[in-house]
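First listed ligand is number 1; within each ligand, the first listed atom is number 1. Just so it is clear, the model here is predicted, and its values are computed rather than measured.
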Amino acid sequence: MQQRVPPTVTWADVEGGVVRMIDQTKLPGELVMLDCREVECVAQAIERLSVRGAPAIGCAAALGMALAAHRSQADDSDALRKDLRTARERLAATRPTAVNLFWALSQMDRAIAEHEGEAPDAMRAALLTRAEEIVEDDLQRCVAIGRNSLELIPEGANILTHCNAGALATAGYGTALGVVRAAHEAGKGIHVWVDETRPLLQGARLTAWELCTEGIPATLITDSMAGYVMGQGRVDCVVVGSDRIAANGDVANKIGTYTVAVLAERHGIPFYVAAPVSTIDYELASGDLIPIEERSREEVAMLAHRVAEPVCPDVAIYNPAFDVTPHELVAAIVTEKGIARAPYAGSLRAMRD
Ligand code: MRU
């Protein structure tokens, strides 16, 4: 497995333990590591997208809980539990759409319950072990997704992707870019069309950087070019990640994904979703129940130069961070357990952990 992008988010044994992450707000200009010594730092890093992408947010939150335990001054188990509850509440309030955040926190809840009543140091060690298992497990799931997707990707395929569902969005390897990496490593001679992904340009800043760093052929386009390129017959399939998949197969992902799915259907191009089972929310019947994060007006109003407000400072701005693609537009969902196809209610249920 080729891997030249450094680990997205890890634990580092310095200064009593820190959560170390690539500060993705600085990419692609600078590759800078951010060390968080407090839970508040991890929470703010998630909020401002220093660490982003559904699985990576989950990993950061799990490590954040371990950090809370390590930083807590508590010398009895009740006091430590109280500090952990406060940390959990803060982390859970960071971003609403990616279900992996809540999945990872519930995994940490389970570890806390399993070690109930143990001395604080034993709890600290147990939470760090569990958080590191979540990170390692995510990496393995991504590699399995890549392996499972190989039969979907033809030789010489031109793959279009939206946002960044790569190593940077996971513990490593990526989901949608895990599919890309696996096909590249298998010698399929693929090429990737990278949507720039407005407003925050995760495609232009992060996916283009990741693919370029690893020598995978890629071409960056603006979001508005995707339909034209499809119309030219230059896209063989679309592969995206997801922040939350409802039980019926509706897929929440970065804003603009739905547009790409509609364009793909218009051009008869298969639209694939790659995600670990931890992204499936079995409690939600359909995508209209998925909470869609709304972010600040600044993100739409600013580009390298301010594009809207100078002429009309009060212009209304709507900035939903995600959209939902109806399951009818999804040709297949690839997970670490295999390939799910419609009807998704049954095929996704069969993959439940
Ligand atoms: O706002 P972001 O950058 O966190 O959005 C990320 C995405 O939409 C990804 O496609 C999704 O989280 C899947 S990451 C494997």
Are side-chain N/O atoms of Trp11 and Asp13 paired as donor and acceptor at under 3.5 Å? yes
If you count heavy atoms of other groups shown closer than 6.0 angstrom to OH of Tyr344, is the number above 12? yes
Taking atom CD of Glu328 as the centre, report whether more than 12 heavy atoms of other residues, nucleotides or ligands fall under 6.0 Å from it. yes
Is there a continuous path of hydrophobic side-chain contacts, each under 4.5 Å between heavy atoms, that joins Phe322 to Leu289? yes
Donor-acceptor list for residues 44-58 side chains, cut-off 3.5 Å, not counting sequence neighbours:
residue	atom	partner	partner atom	Å
Gln44	NE2	Glu40	OE2	2.7
Glu47	OE1	Arg90	NH2	3.1
Glu47	OE2	Arg90	NH1	3.0
Glu47	OE2	Arg90	NH2	3.3
Arg48	NE	Ser50	OG	3.0
Arg48	NH2	Ser50	OG	3.4
Ser50	OG	Asp23	OD1	2.9
Arg52	NH1	Gln24	OE1	3.1
Arg52	NH1	Asn164	OD1	3.0
Arg52	NH2	Asn164	O	2.7

Contact between Met230 and Val238 at the side-chain level, heavy atoms closer than 4.5 Å - yes or no? yes
Present, as a list of atom pairs with distances to 0.1 Å, all nitrogen or oxygen contacts under 3.5 Å between ligand 1 and the protein.
residue	atom	partner	partner atom	Å
ligand 1	1 (O)	Arg95	NH1	3.4
ligand 1	1 (O)	Arg95	NH2	2.8
ligand 1	1 (O)	Lys254	NZ	2.8
ligand 1	3 (O)	Arg52	NE	2.8
ligand 1	3 (O)	Arg52	NH2	3.2
ligand 1	3 (O)	Gln202	NE2	2.9
ligand 1	4 (O)	Gly53	N	3.0
ligand 1	4 (O)	Arg95	NH1	2.8
ligand 1	8 (O)	Asp243	OD1	3.0
ligand 1	8 (O)	Asn253	OD1	3.1
ligand 1	8 (O)	Lys254	N	3.2
ligand 1	10 (O)	Asn253	OD1	2.6
ligand 1	12 (O)	Ala54	N	2.8
ligand 1	12 (O)	Asp243	OD1	3.0
ligand 1	12 (O)	Asp243	OD2	3.1

